[in-house]
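So the structure is just underneath, and the comments pick up after that.
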Amino acid sequence: MLSMMVGPTDVPKVVLEAMMRPSISHRSPEYRKIHENVKKGLQTVFGTKEDVYILTSSGSGAMETAITNLFSPGDEVIVPVMGVFSKQFADMCDIFGLDTKRIEVEPNDAVTPEAIAELLTPNTKGVFVIHNESSTGVRNDLKAIGEVLKDHPALYITDAVSGFGGMPLEMDAWGLDVCLTGSQKALMAPAGLAFIALSKKAWEAYEKSSMPKFYFDLGKFRDFSDKNETPNTPAVYNMFALEKALELVAEEGIEQIYARQEENTRLLHEGVRKLGLDIFPKNDEIASRTLTAVVAKGRAKEIVAALADRDVIVNGGLPPFDEDVFRVGTMGFITNDNVREFLRQLEQVL
Ligand SMILES: *Cc1c(COP(=O)(O)O)cnc(C)c1O
């Protein structure tokens, strides 16, 4: 069985085993130690010195948290829409009554800093840029966009759910005010936890936000975080798993993981092209390093099913590209040899 999914990803056995233990109280010293370790591990991957808050939800819960904690109805925000997940952020902004300015980006392209600069006004309160659009396999240059936003009062927010832990992310150095992600993608932990970190500037916005919030009120998370606790019962077993997964990340080293992902991606691009297929993003530079969207005109569903018959699990494309595109995850524990094996199987299937 070779699982190259785009999330939830395969959870390593040692991570699963970390959950085979008696339950503990989330108000105990034992829990607090785990919470502290997890926060530290996450800070390294976020590239931040800011505190990281641990939410019991999937990634979308953290997206909603960013909106309800930092904005008020009527606030003007910019959201480049490049696929299913960036569109979800734009739709959420609408639902919460923000004045959403969408940038409709070509689906096989990244958003440019210029396109964002063009829409910025003195009233812009937030700019939501996805790190890695999981539906199209396109990544954005968050650093370059950070340069454009550096002297503007708007908050710079990223959904890093599918890039986090697999592609470089430097929250502090790139000037990001809000960074959020989930547990079930490159972190190779079970689904069920989401993480969010805020800059000082984001905390100032929190004070002004008039949006209702209760369960996801980050002010409460901040108070409890000082004690290494959460306001309500956290998913304690997911925390056991996550602590272990972050240990694996630290053992390999985050820079080595990025390098492995880079090599995985290079091998995949080269391999699929040799087989007469292509990648969906318009060039290699903007292509994701945690998942690859492969174009197989009209044959995508058939190929995914035939691979599954051989115990090779990859994901189909998302509408409107589900007939023509399938997606191969390299995030998590995928090695160069796994990629070579995948390409051998794909060759057989074709
Ligand atoms: C998976 C994903 C999400 C969140 O999905 P959940 O199912 O809520 O965890 C958000 N953004 C991106 C880019 C994703 O890949």
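Heavy atoms only: backbone and side chains are in, while hydrogens, waters and symmetry mates are out. Remember, it's 1-based here, ligands and their atoms both numbered in the order they're listed.
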Looking at F214, is K220 sitting on its ring face, NZ or CZ under 6.0 Å from the six-membered ring centre and within 45 degrees of the normal? yes
Salt bridge (charged side-chain N to carboxylate O under 4.0 Å, His left out): pairs with one or both residues in residues 80-93, sequence neighbours excluded: K87-D91, D91-R102
What's the shortest heavy-atom distance between P107 and F280, and which atoms? O-CE2, 3.5 Å
Should F216 and L198 be regarded as members of a common hydrophobic cluster, given that ILVMFWY residues are connected when their side-chain heavy atoms come within less than 4.5 Å of each other, either directly or indirectly? yes
At a heavy-atom distance under 4.0 Å, which protein residues reach ligand 1? Sort them by chain and number, would you? S58, G59, S60, M63, F85, I130, N132, S134, D159, V161, S162, Q184, K185
Enumerate, atom names and distances included, each donor-acceptor pair closer than 3.5 Å involving a side-chain atom of residues 233-252, sequence neighbours excluded.
from : atom 1 : to   : atom 2 : distance (Å)
Y237 : OH     : R21  : O      : 2.6
Y237 : OH     : S23  : N      : 3.0
N238 : ND2    : A191 : O      : 3.0
E243 : OE2    : N37  : ND2    : 2.8
K244 : NZ     : E247 : OE1    : 3.2
E252 : OE1    : R260 : NH2    : 2.9
E252 : OE2    : R260 : NE     : 2.7
E252 : OE2    : R260 : NH2    : 3.4

Which residues satisfy the ring pair (Phe, Tyr, Trp, His ring centres under 6.0 Å) test with Y206, sequence neighbours excluded? W203
